[in-house]
Amino acid sequence: MTDKEQLYYFDFDKLFENYADKYYNEHADEYCCPDEFAKDLDKIYHIWATSAQDVLGGISPSEFFNKIPTEELVDILKGACVGDNNPSSLLFDRIATEPSLIGELTELARLSSDEKLLNVVLSLIEELGGADSEFYIETIERDVDAAVKEQCIDMLCLRADEVRDTLLERAEKCDDVGMIELYVEPLTYCEAGNDRILGLLRLLLNSDPNVAYIAALMGRYGDERATADLYPLLDTCDYAEFLEIRNAIEELGGSVDEHYRDFSQDELYQAIKHPVKTNNKKD
């Protein structure tokens, strides 16, 4: 690896941290406290990023990254995510200015299972306008980290109407409750009244252990018919579930009395209604 290539994986965060410490020491009299200094960090970061650095041969960090050929950026990104390394935000910003890399980044995401790299690449793909919907559906179906799947679900939620039929078809052919849950979440952003979507929500309500979450999805979807499924759950739920179910029912136009049941023996209810008071009295 050449000296220049080694700089690609230099700890730029540490370099800025040292710069920020020095800046604070030199300007401490301008700040009443560290919190005030923290408010200026964006400005200070810009000053640092556009200032010549000896370690970079006398050019600024921004100039250093801007000089990297476009065709080398994705390989550098992969190297910057290896082990304890983390890609500099300047590298992220540089790649985010190159729409031509969207195809290479999408292919990298399809082939990689590394959580850190996937999270970074998905964020870059989003910055560049996003991939096709099939890419996000395929990714949630892969054996990848939950955080990665959640990023893809967020993108599908923004395209709910576009992916509705595809997600419905996949969910109705699936027998994995956890997977059905992933398919259904974006569907709750579609217009209420679809019998197939309501049917899937009812299926989850009867088979998914996360009753509170499914109730919240029903509330978000907004189909008033779901109140008939939610009311009976109030008789057997714990207090945490009660709160979500009640909220969902109210979102759907129904109502639930605060004192519907006696939850006085429920630990969460006790913690909320009768919090333990700490004794702050000084000796």
Side-chain angles (χ1 to χ4, degrees), residues 1-102 104-106 108-109 112-131 144-148 150-152 154-155 278 280 282:
M1 185 181 293
T2 66
D3 291 343
K4 181 180 178 181
E5 288 172 334
Q6 288 179 343
L7 285 175
Y8 291 154
Y9 311 117
F10 185 80
D11 191 344
F12 284 89
D13 289 339
K14 186 64 177 178
L15 188 63
F16 171 66
E17 184 181 322
N18 293 337
Y19 178 88
D21 287 343
K22 181 180 178 182
Y23 186 98
Y24 181 71
N25 290 332
E26 293 175 351
H27 299 81
D29 58 335
E30 300 175 18
Y31 301 99
C32 64
C33 63
D35 286 345
E36 285 298 312
F37 173 70
K39 294 177 181 178
D40 265 354
L41 276 178
D42 284 346
K43 178 188 75 175
I44 296 165
Y45 188 85
H46 177 74
I47 295 172
W48 166 77
T50 54
S51 300
Q53 305 291 325
D54 291 339
V55 72
L56 299 178
I59 64 174
S60 71
S62 289
E63 187 178 358
F64 174 79
F65 282 101
N66 287 335
K67 286 179 176 291
I68 299 174
T70 302
E71 62 271 16
E72 296 180 17
L73 288 169
V74 174
D75 282 337
I76 293 170
L77 178 68
K78 288 190 286 186
C81 289
V82 172
D84 294 331
N85 294 338
N86 288 292
S88 165
S89 61
L90 293 171
L91 174 61
F92 186 99
D93 293 344
R94 169 77 168 85
I95 295 174
T97 65
E98 298 288 350
S100 63
L101 294 177
I102 187 72
E104 191 174 351
L105 290 168
T106 302
L108 174 60
S112 176
S113 59
D114 180 79
E115 177 187 352
K116 177 165 53 176
L117 180 59
L118 271 172
N119 274 295
V120 172
V121 172
L122 285 172
S123 296
L124 281 165
I125 290 172
E126 185 176 346
E127 284 289 321
L128 291 168
V144 294
D145 187 79
V148 172
E150 194 54 45
Q151 280 198 67
C152 294
D154 289 343
M155 293 301 293
T278 57
N280 295 321
K282 296 182 179 180

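Nothing fancy with the numbering, it's 1 onward along the sequence.
Closest approach of G83 to K116, counting heavy atoms only: O-NZ, 2.6 Å. For the pair I125 and I102, the tightest heavy-atom approach, listed with the atom from each and the gap, is CG2-CD1, 3.7 Å. Nearest heavy-atom pair, L77 versus L91, reported as atom, atom and distance to 0.1 Å: CA-CD2, 4.0 Å. Heavy-atom minimum distance, C32 versus E36: SG-CG, 3.2 Å. Looking at every heavy atom in both residues, D114 comes nearest to C81 through OD2-O, 4.4 Å. Closest approach of A131 and T106 over heavy atoms only: CB-OG1, 4.0 Å.
Pairs of residues two or more places apart, or lying in two chains, that qualify as salt bridge (Lys or Arg N to Asp or Glu O under 4.0 Å) and include a residue from residues 74-98 are D75-K78, R94-E98.
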Show the numbers, then the answer: is there a side chain to side chain contact (heavy atoms under 4.5 Å, CB included) between L41 and F16?
-> CA-CA 10 Å; L41 276 178; F16 171 66; 4.2 Å; yes

Could you give me the CA-CA distance, side-chain angles and deciding distance for E127 and F92, then say whether side chain to side chain contact (heavy atoms under 4.5 Å, CB included) is met?
-> CA-CA 10 Å; E127 284 289 321; F92 186 99; 3.8 Å; yes

Worked verdict on E126 versus D154 for side chain to side chain contact (heavy atoms under 4.5 Å, CB included) = CA-CA 11 Å; E126 185 176 346; D154 289 343; over 6 Å; no

Would N18 and W48 satisfy side chain to side chain contact (heavy atoms under 4.5 Å, CB included), going step by step from the backbone distance to the final call?
-> CA-CA 10 Å; N18 293 337; W48 166 77; over 6 Å; no

Decide side-chain hydrogen bond (donor to acceptor under 3.5 Å, both in side chains) for Y19 and S51; before the verdict, give the C-alpha distance in whole Å, the side-chain angles of both, and the deciding distance to 0.1 Å.
-> CA-CA 11 Å; Y19 178 88; S51 300; 4.6 Å; no

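Between the SG atom of C33 and the NZ atom of K39 there is a distance of 7.5 Å, given to the nearest 0.5 Å. The OG atom of S62 lies 10.0 Å from the CD atom of Q53; values are rounded to the nearest 0.5 Å. If you take CD on E17 and CG on L15, they are separated by 10.5 Å, rounding to the nearest 0.5 Å. Summarising the geometry, atom OG1 belonging to T97 is positioned 8.5 Å from atom CG belonging to L128; distances are rounded to the nearest 0.5 Å.
Residue D54 places its CG atom among 12 or fewer non-hydrogen atoms of other residues, nucleotides or ligands, all under 6.0 Å distant.
Taking F37 as the reference, Y24, Y31 meet the ring-ring contact (aromatic ring centres under 6.0 Å, His included) condition, with sequence neighbours excluded. Remark: H27 engages Y23 in a ring-ring contact (aromatic ring centres under 6.0 Å, His included) (not counting sequence neighbours).
Using a 4.5 Å heavy-atom threshold, the side chains of F12 and L56 count as touching. Looking at L122 and M155, their side chains never come closer than 4.5 Å, going by heavy atoms from C-beta outward. Considering only heavy atoms from C-beta on, F65 stays 4.5 Å or farther from L73 through its side chain. Contact check for L117 versus L108: side-chain heavy atoms found under the 4.5 Å cut-off.
S112 contributes no side-chain N or O that, together with a main-chain N or O of L118, makes up a donor-acceptor pair within less than 3.5 Å.
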